[in-house]
There are 2 protein chains.
Amino acid sequence: MASGGEPSRATLQDVAARAGVSAKTVSNVVNGHPHVRPETRERVLQAMGELHYRVNLSARHLARGRTGIVALAVPWLSNPYFAELAHHVIRAARREAERGESVTVLIDETHSDLERERQLVAGVGPQLLDGVIISPQGLTRADLEALTPMGPLVLLGERIFDGPVDHVAADNVAAARELTAHLLERGRRRIALVGFGDQRAGTAQLRRDGIRQAVEAAGLTLDATLQLPVEGLEREHGMRAARRLMERPDPPDAVVCFNDVVAVGMLKALSLDGVGVGPGAAVAVTGFDNIPESGYTVPALTTVDWRTEELAETALEVLLDRIQSRRTLRPREITTPHRLVVRDSS
Amino acid sequence: MASGGEPSRATLQDVAARAGVSAKTVSNVVNGHPHVRPETRERVLQAMGELHYRVNLSARHLARGRTGIVALAVPWLSNPYFAELAHHVIRAARREAERGESVTVLIDETHSDLERERQLVAGVGPQLLDGVIISPQGLTRADLEALTPMGPLVLLGERIFDGPVDHVAADNVAAARELTAHLLERGRRRIALVGFGDQRAGTAQLRRDGIRQAVEAAGLTLDATLQLPVEGLEREHGMRAARRLMERPDPPDAVVCFNDVVAVGMLKALSLDGVGVGPGAAVAVTGFDNIPESGYTVPALTTVDWRTEELAETALEVLLDRIQSRRTLRPREITTPHRLVVRDSS
DNA sequence: ATGAAAGCGCTAACAG
DNA sequence: CTGTTAGCGCTTTCAT
């Protein structure tokens with residue numbers, strides 16, 4: 001049938017006619033409303049079956065004024081952290097759907113493109129989306145205010161202080177502080193930072209602040225020449241950074257990478273060069289995000305876990321709340337817990 | 001403004017009134033139709049700006065009978081291979097949108113749930129989706145035929161012979177054959193299979209066939225006791241399988257894993273146990289998919305690359321063709337190229 | 001408990 | 001080149 005059997009053209013009216021009832025009644029049955037005599041319901045259901053009836057969602061959306069679609073916008077799906085996040089938001093939505101209104105999640109990639117982020121935010125509302133959860137990379141408070149006539153929006157994982165929108169994120173500063181304290185405790189002194197340079201947005205800065213706090217609390221200072229910007233945040237960039245770092249006459253004894261993906265590249269390069277990594281070895285390496293592969297590198301990577309599942313659930317919950325009661329709620333500011341995961345690389 | 005400034009309520013009619021033209025003209029401007037006097041266009045654009053007008057997509061969808069939304073359904077987004085695939089389909093769609101009708105991709109996870117796959121396929125059409133690209137795990141030909149009144153559908157990466165739908169996939173049998181031939185060439189003789197057991201669908205079977213062909217072409221046979229089913233296809237399952245395999249009195253000298261994710265776990269376990277992996281070492285390990293992390297394991301993993309980008313582009317192209325000319329095209333059967341990637345693990 | 005009818009906001013004939 | 005007029009299929013008061 002060449003993937004084109006006549007697509008179900010039966011409308012609600014058709015069903016109503018066939019069942020000998022009105023459209024309203026069919027609608028009631030379809031939406032599980034009460035007040036339908038069991039016997040009528042039976043007749044309607046049968047008619048629906050015979051005609052292979054399926055609701056036309058576009059029509060429903062138009063009539064209801066809502067689509068039941070929310071978007072999750074992440075910079076890159078190729079970063080396992082964001083893939084995992086998407087996975088958990090989809091699952092949370094499905095659970096939500098099981099006990100109430102159905103929610104569909106549209107995953108979108110912004111490619112860290114500010115323009116794309118703006119479009120998305122501007123597109124909430126009558127457009128297609130009932131709301132958006134976004135992990136912004138470039139979006140500023142000014143953008144949000146300029147784009148004001150916008151719909152429900154939740155910022156995820158990026159702290160824009162006093163922003164006029166709901167915000168769910170872990171405490172990046174504290175996490176970075178704890179991670180660094182751990183390194184210092186293990187006797188590390190020359191700490192290099194990799195990948196914190198090229199970010200317009202705040203995450204890098206927050207983590208850098210946390211690192212600095214820990215270092216200064218120990219009465220030390222960070223060596224500025226050990227802060228390496230990179231051209232991207234992929235594994236290969238971590239790999240190249242490792243080479244630059246280890247070629248120095250005064251290499252670091254610890255490397256804090258901006259995320260696990262970069263750290264994985266770093267570990268690989270060090271392994272190829274025969275540089276020992278881990279407690280008592282030449283250098284310690286850490287990341288952020290606790291992506292699944294971090295438990296399987298050699299050595300396994302010390303990192304920070306953001307409780308992705310909880311983060312995803314919370315973000316969705318906040319968004320749905322906002323969708324239901326638009327103006328009543330004040331912007332919410334939720335901090336989710338994190339956890340330091342110490343493994344063999346430190 | 002609490003993420004809830006009055007969402008743009010201006011309709012096309014409002015704009016028309018304000019610009020002193022008819023709805024049709026505004027529609028023409030919005031859709032970039034020709035035959036609008038520049039001066040009128042100006043006026044309309046200005047009115048749109050003043051009223052913060054944005055089209056209501058639900059209304060457009062209803063009127064046009066199409067949504068411009070296609071879905072990509074993958075089993076798990078947490079498998080980097082599928083995340084990568086999703087990434088490339090989204091990009092392909094965005095390129096497509098730049099030169100023509102806009103296409104939005106809805107990523108969905110089936111969790112390898114047959115019921116969910118059926119729902120999706122059944123939901124194409126007036127529902128919400130103009131079409132679906134699906135990586136089926138359980139869907140059978142019978143399902144497709146039973147679900148006949150369905151819309152445009154492309155099967156991705158799973159060969160259902162003579163299926164009544166479009167199909168885009170690489171040649172799993174050939175790829176597995178080449179991979180195995182490579183192992184045999186390197187002198188490996190006792191080849192174990194990990195993760196090929198618990199799949200309802202055909203991929204596992206196809207790959208197993210290819211492996212068998214290569215082995216038999218070399219005048220050998222596979223040791224059935226070296227075929228380990230696993231309880232899942234995550235890294236941890238590869239890890240556990242390694243233990244079971246290496247505890248044997250007669251361990252294999254090569255392990256073909258069902259995919260890279262499983263292989264990563266296998267490598268980790270072997271590393272922890274101090275078992276040498278690679279040419280000349282105790283055992284060779286291989287996977288399928290060439291996920292990004294496979295180039296960064298220690299040792300780097302030998303695997304098969306499916307040219308994800310090309311695969312994604314092709315699948316989308318086929319789907320869009322199908323959407324445009326529903327009944328004219330006969331089901332298409334496209335085989336995309338693959339590439340053996342030999343690295344240090346073999 | 002069910003029916004009748006008026007939209008939801010946009011598009012697409014068909015006129016003019 | 002622009003206006004008029006019907007719908008697209010569903011939901012939803014308001015009656016009955």
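The sequence lines fix the lettering, A, B, ..., with proteins before strands; numbering per chain opens at 1.
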Original post:
Once you round it to whole Å, what is the distance between P of D/dT12 and NE2 of A/His33?
Top reply: 6 Å
Original post:
Is a side-chain N or O of A/Asp166 found less than 3.5 angstrom from the main chain of A/Val154, in a donor-acceptor match?
Top reply: no
Original post:
Are the side chains of B/Ile334 and B/Glu317 in touch, meaning some heavy atoms are under 4.5 Å apart?
Top reply: no
**OP:** Assign the ring pair A/His87 / B/Trp76 to parallel, tilted or perpendicular, where the plane angle (0 to 90°) is split at 30° and 60°.
**Re:** tilted
Enumerate the protein-to-nucleotides 6-9 of chain D contacts in which both atoms are nitrogen or oxygen and the separation is below 3.5 Å.
residue	atom	partner	partner atom	Å
D/dC8	O2	B/Ala63	N	3.4

Original post:
For the helix from C/dA1-D/dT16 to C/dG16-D/dC1, what is the angle between the axes at its two ends, each from 5 pairs, rounded to 10°?
Top reply: 30°
**OP:** Please tell me if the side chains of B/Ile134 and B/Glu117 come closer than 4.5 Å, counting only heavy atoms from C-beta onward.
**Re:** yes
Subject >> Phosphate-side-chain proximity, B/Ser27 and C/dT11, N/O vs OP1/OP2 below 4.0 Å >> reply: yes
**OP:** First locate atom OG1 of A/Thr104, then atom CG of B/Asp108, and finally report the distance between them rounded to the nearest 0.5 Å.
**Re:** 8.0 Å
Subject >> Between P of D/dC10 and CG of B/Leu128, the distance in whole Å >> reply: 14 Å
Subject >> Salt-bridge criterion met for A/Glu115 and A/Arg118 (N-O under 4.0 Å) >> reply: yes
For nucleotides 1-6 of chain C, tabulate all protein N/O to nucleotide N/O atom pairs closer than 3.5 Å, reporting atom names and distance.
residue	atom	partner	partner atom	Å
C/dA1	OP2	A/His35	ND1	2.5
C/dT2	OP1	A/Thr40	OG1	2.5
C/dT2	OP2	A/Arg37	N	2.9
C/dG3	OP2	A/Ser22	N	2.5
C/dG3	OP2	A/Ser22	OG	3.1
C/dG3	OP2	A/Thr25	OG1	2.8

